[in-house]
K.L.:
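This is the structure, below, for whatever I ask next.
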Amino acid sequence: MENHKGKEAHKGKCALCDAENIELKKSHFIPKFVYDWLKSTSKTGYIRGSDDVNARLQDGPKDYLLCGKCEGELSTMEKEVADNLFKKLANYRSQPSTIIITESMRVGILSIFWRALLIMRNKENNRTEEDNAAYDSLLFSLKNQINNKKCNTIIYFTPFIKTPPYYGLPSEYTYNLERSVGGQDIRFYDEPHRFFATFKLPFVYFYIFSSGWEESEIKKSTELNEGEITLDSIIDIPDTLRNYIKHMHEQFEQARTQMSQKNLDKIEKDMKKNTKITGSDKSMSRMIGPDIQKQNSSEKEK
């Protein structure tokens with residue numbers, strides 16, 4: 001059987017609704033609007049992933065995951081997340097003091113969580129059987145909530161807005177906090193057995209704490225509740241997230257050292273072609289302090 005493009009249809013089981021022997025669409029694990037934003041605000045016009053820092057990409061990872069009906073329903077929720085949350089936070093000109101969150105937006109965030117963690121399930125890891133059981137239980141719960149279009153999980157979020165450094169984090173984290181994407185992970189702890197799950201979009205982290213965490217360990221977190229949220233009132237983050245951000249920055253710095261000279265030269269060449277001030281320039285400028293454009297101009301005059 002061939003589709004309208006003349007290619008063989010990819011049939012299988014929908015990961016969300018469980019429909020069998022149905023044509024599956026290639027679904028992004030992190031929504032396409034995020035990668036479109038990254039490219040449009042990039043100095044080079046490309047994106048690079050942590051799996052291979054030497055590969056220039058035009059799009060984010062995706063796989064045959066959902067049927068057309070489920071793909072369409074999630075896309076509708078994602079659009080609301082994009083328009084009313086992401087584009088407001090990932091805005092170099094002006095970020096809001098408040099945002100309005102709807103239940104469908106919360107389910108939309110939950111669906112990104114589910115897909116991001118689903119692709120991590122079988123990757124090499126050192127999880128125990130107890131860890132895997134908790135992991136599968138979380139995936140099952142998220143899937144049911146998405147199908148029922150009702151978010152019962154407490155989602156926390158940390159936006160990075162206004163003027164860095166953010167939440168007392170080192171200034172050198174700024175570029176990564178504003179422009180990195182993915183970072184999906186589920187980390188297990190013992191005594192008691194519990195987990196911390198997270199994923200990241202530019203300018204914001206989302207995360208979930210399982211049961212077993214003390215109130216004192218969670219109290220600095222901000223819940224992504226339905227209704228109006230005052231962003232200016234978010235002044236601190238939990239230590240668990242703070243430590244994870246440090247870990248991700250270290251991973252980011254390590255990945256940079258693995259980039260070949262050939263690709264470093266390509267990046268420099270692509271950057272020289274673009275004389276406009278981009279979002280990437282602005283994040284870099286905020287990280288190093290002085291206006292990067294003036295600095296670059298001074299260097300050219302030498």
K.L.:
Between D131 and R194, does at least one N-O distance fall below 4.0 Å, as a salt bridge requires?
P.N.:
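No, this pair does not count.
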
K.L.:
Please check if the side chain of T230 supplies one atom and the backbone of S233 the other of a donor-acceptor pair under 3.5 Å.
P.N.:
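No, because the side chain of T230 does not come within donor-acceptor range (under 3.5 Å) of the backbone of S233.
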
K.L.:
Without hydrogens or angle criteria, can the side chains of S141 and Q145 be said to hold a donor-acceptor pair below 3.5 Å?
P.N.:
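A donor-acceptor contact under 3.5 Å links the two side chains.
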
K.L.:
Is the shortest side-chain heavy-atom distance between D232 and I161 below 4.5 Å?
P.N.:
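Yes, close enough: below the 4.5 Å cut-off.
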
K.L.:
To the closest 0.5 Å, what do you measure between CE (M77) and CD (E103)?
P.N.:
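Output value for this atom pair is 10.5 Å.
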
K.L.:
Please report the C-alpha distance between D185 and T198 in whole Å, then the side-chain angles of each, then the deciding distance to 0.1 Å, and finally whether the side-chain hydrogen bond (donor to acceptor under 3.5 Å, both in side chains) criterion is met.
P.N.:
CA-CA 6 Å; D185 202 357; T198 184; over 6 Å; no

K.L.:
Salt bridge check: are D281 and K43 linked by an N-O gap of less than 4.0 Å?
P.N.:
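Yes, charged N to carboxylate O under 4.0 Å.
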
K.L.:
For atom NZ of K272, decide whether the heavy atoms of other residues, nucleotides or ligands shown that lie under 6.0 angstrom number more than 12.
P.N.:
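Counting neighbours around NZ of K272, 12 or fewer heavy atoms of other residues, nucleotides or ligands fall under 6.0 Å, so no.
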
K.L.:
Could you go through Y205 and F157, starting from their C-alpha distance and side-chain angles, then the distance that decides it, and tell me whether this counts as ring-ring contact (aromatic ring centres under 6.0 Å, His included)?
P.N.:
CA-CA 5 Å; Y205 261 99; F157 83 118; over 10 Å; no

K.L.:
Can you check whether K276's main-chain N or O pairs, donor with acceptor, with N274's side chain at less than 3.5 Å?
P.N.:
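Checking the backbone N and O of K276 against the side chain of N274, a donor-acceptor pair under 3.5 Å is found.
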
K.L.:
Indicate yes or no: at least one non-hydrogen side-chain atom of Y244 is less than 4.5 angstrom from one of I237.
P.N.:
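No - every pair of side-chain heavy atoms lies 4.5 Å or more apart.
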
K.L.:
Using a 3.5 Å distance criterion without hydrogens, assess whether the side chain of N125 forms a donor-acceptor pair with backbone atoms of K123.
P.N.:
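Checked: pair present.
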
K.L.:
Scan for ring-ring contact (aromatic ring centres under 6.0 Å, His included) pairs involving residues 79-102, sequence neighbours excluded, and state none if there are none.
P.N.:
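For residues 79-102, and leaving out neighbouring residues, the ring-ring contact (aromatic ring centres under 6.0 Å, His included) pairs sorted by first residue read F33-F86, W37-F86, Y92-F203.
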
K.L.:
What distance separates D236 CG from S221 OG, expressed to the nearest 0.5 Å?
P.N.:
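Here the interatomic distance stands at 9.5 Å.
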
K.L.:
Between E178 and K282, is a salt bridge (charged side-chain N to carboxylate O under 4.0 Å, His left out) present by the stated rule, with each step listed?
P.N.:
CA-CA 10 Å; E178 294 185 354; K282 293 176 182 179; over 6 Å; no

K.L.:
Not counting sequence neighbours, which residues clear side-chain contact (heavy atoms from CB on, under 4.5 Å) with T240? List them please.
P.N.:
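Scan of T240 (side-chain contact (heavy atoms from CB on, under 4.5 Å), adjacent residues dropped) gives Y189, F196, F209, W213.
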
K.L.:
Give a yes or no on whether the backbone of F29 and the side-chain of K62 come within a donor-acceptor separation of less than 3.5 Å.
P.N.:
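Side chain of K62 to backbone of F29, a donor-acceptor pair under 3.5 Å: no, none is there.
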
K.L.:
Heavy-atom distance under 4.5 Å between the side chains of Q95 and K88, does that happen here?
P.N.:
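The answer is no, as the side chains (C-beta and beyond) never meet within the 4.5 Å cut-off.
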
K.L.:
Side chain to side chain contact (heavy atoms under 4.5 Å, CB included) for T98 and I229? Distances and angles first, verdict last.
P.N.:
CA-CA 5 Å; T98 62; I229 297 178; over 6 Å; no

K.L.:
Please determine if E73 and K149 form a salt bridge, counting it only when a charged side-chain N lies under 4.0 Å from a carboxylate O.
P.N.:
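Counted as a salt bridge, because a side-chain N and a carboxylate O are separated by less than 4.0 Å.
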
K.L.:
Please examine the side chains of R179 and S42, heavy atoms only from C-beta on, and report whether any two atoms are closer than 4.5 Å.
P.N.:
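Yes, close enough: below the 4.5 Å cut-off.
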
K.L.:
Ignoring hydrogens and angles, state whether a donor on the side chain of Y175 or S280 is under 3.5 Å from an acceptor on the partner side chain.
P.N.:
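S280 and Y175 do have a side-chain donor-acceptor pair below 3.5 Å.
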
K.L.:
Any salt bridge between K143 and D18, counting N to O under 4.0 Å?
P.N.:
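Salt bridge between K143 and D18, a charged N being under 4.0 Å from a carboxylate O: yes.
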
K.L.:
Checking R187 against H247 for the side-chain hydrogen bond (donor to acceptor under 3.5 Å, both in side chains) test, could you report, in this order, the C-alpha distance in whole Å, the side-chain angles of both residues, the deciding distance, and whether it holds?
P.N.:
CA-CA 12 Å; R187 300 199 145 204; H247 165 74; 3.0 Å; yes

K.L.:
Which atoms form the tightest heavy-atom contact between L117 and Y135, and what is the distance?
P.N.:
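Result for this residue pair: O-OH, 2.5 Å.
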
K.L.:
Can you check whether L85 reaches I109 side chain to side chain, under 4.5 Å on heavy atoms?
P.N.:
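Yes, their side chains come closer than 4.5 Å.
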
K.L.:
Take E226 and R106 through the side chain to side chain contact (heavy atoms under 4.5 Å, CB included) test and state the conclusion after the steps.
P.N.:
CA-CA 8 Å; E226 188 175 4; R106 283 166 26 92; 4.3 Å; yes

K.L.:
Below 4.5 Å, heavy atoms only, C-beta onward: do D239 and E217 meet side chain to side chain?
P.N.:
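Contact flag for D239/E217 side chains = no.
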
K.L.:
Please check this pair: side chain of S137 against backbone of A134, looking for a donor-acceptor N/O pair closer than 3.5 Å.
P.N.:
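A pair under 3.5 Å: no.
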
K.L.:
Taking E78 first and then R115, would you say they form a salt bridge - that is, a charged N and a carboxylate O separated by under 4.0 Å?
P.N.:
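Judged by the 4.0 Å cut-off on N to carboxylate O distance, E78 and R115 do form a salt bridge.
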
K.L.:
Would you say that more than 12 heavy atoms from the other residues, nucleotides or ligands in this model lie under 6.0 Å from the CD of E214, or not?
P.N.:
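Atom CD in E214 is not packed in, count stays at 12 or less.
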
K.L.:
Flag the pair D136 and R121 as a salt bridge only when some basic side-chain nitrogen lies within less than 4.0 angstrom of an acidic carboxylate oxygen.
P.N.:
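Yes, charged N to carboxylate O under 4.0 Å.
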
K.L.:
Quick check: does any side chain N or O of N84 sit under 3.5 Å from a backbone N or O of I99, one acting as donor and the other as acceptor?
P.N.:
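No, N84 side chain to I99 backbone: no donor-acceptor pair under 3.5 Å.
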
K.L.:
Any side-chain heavy-atom pair from K162 and S97 closer than 4.5 angstrom?
P.N.:
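Counting from C-beta outward, K162 and S97 do come under 4.5 Å.
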
K.L.:
Can you tell me how far apart CH2 (W114) and CG (N144) are? Round to the nearest 0.5 Å.
P.N.:
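Those atoms lie 10.5 Å apart.
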
K.L.:
Contact between L24 and L65 at the side-chain level, heavy atoms closer than 4.5 Å - yes or no?
P.N.:
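Result no, sub-4.5 Å side-chain heavy-atom pair not found.
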
K.L.:
Taking T174 for its side chain and M287 for its backbone only, find out whether a donor-acceptor pair lies under 3.5 Å.
P.N.:
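It does not hold such a pair.
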
K.L.:
Just checking Y156 against F206, ring centres under 6.0 Å apart?
P.N.:
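Centroid separation for Y156 and F206: 6.0 Å or greater.
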
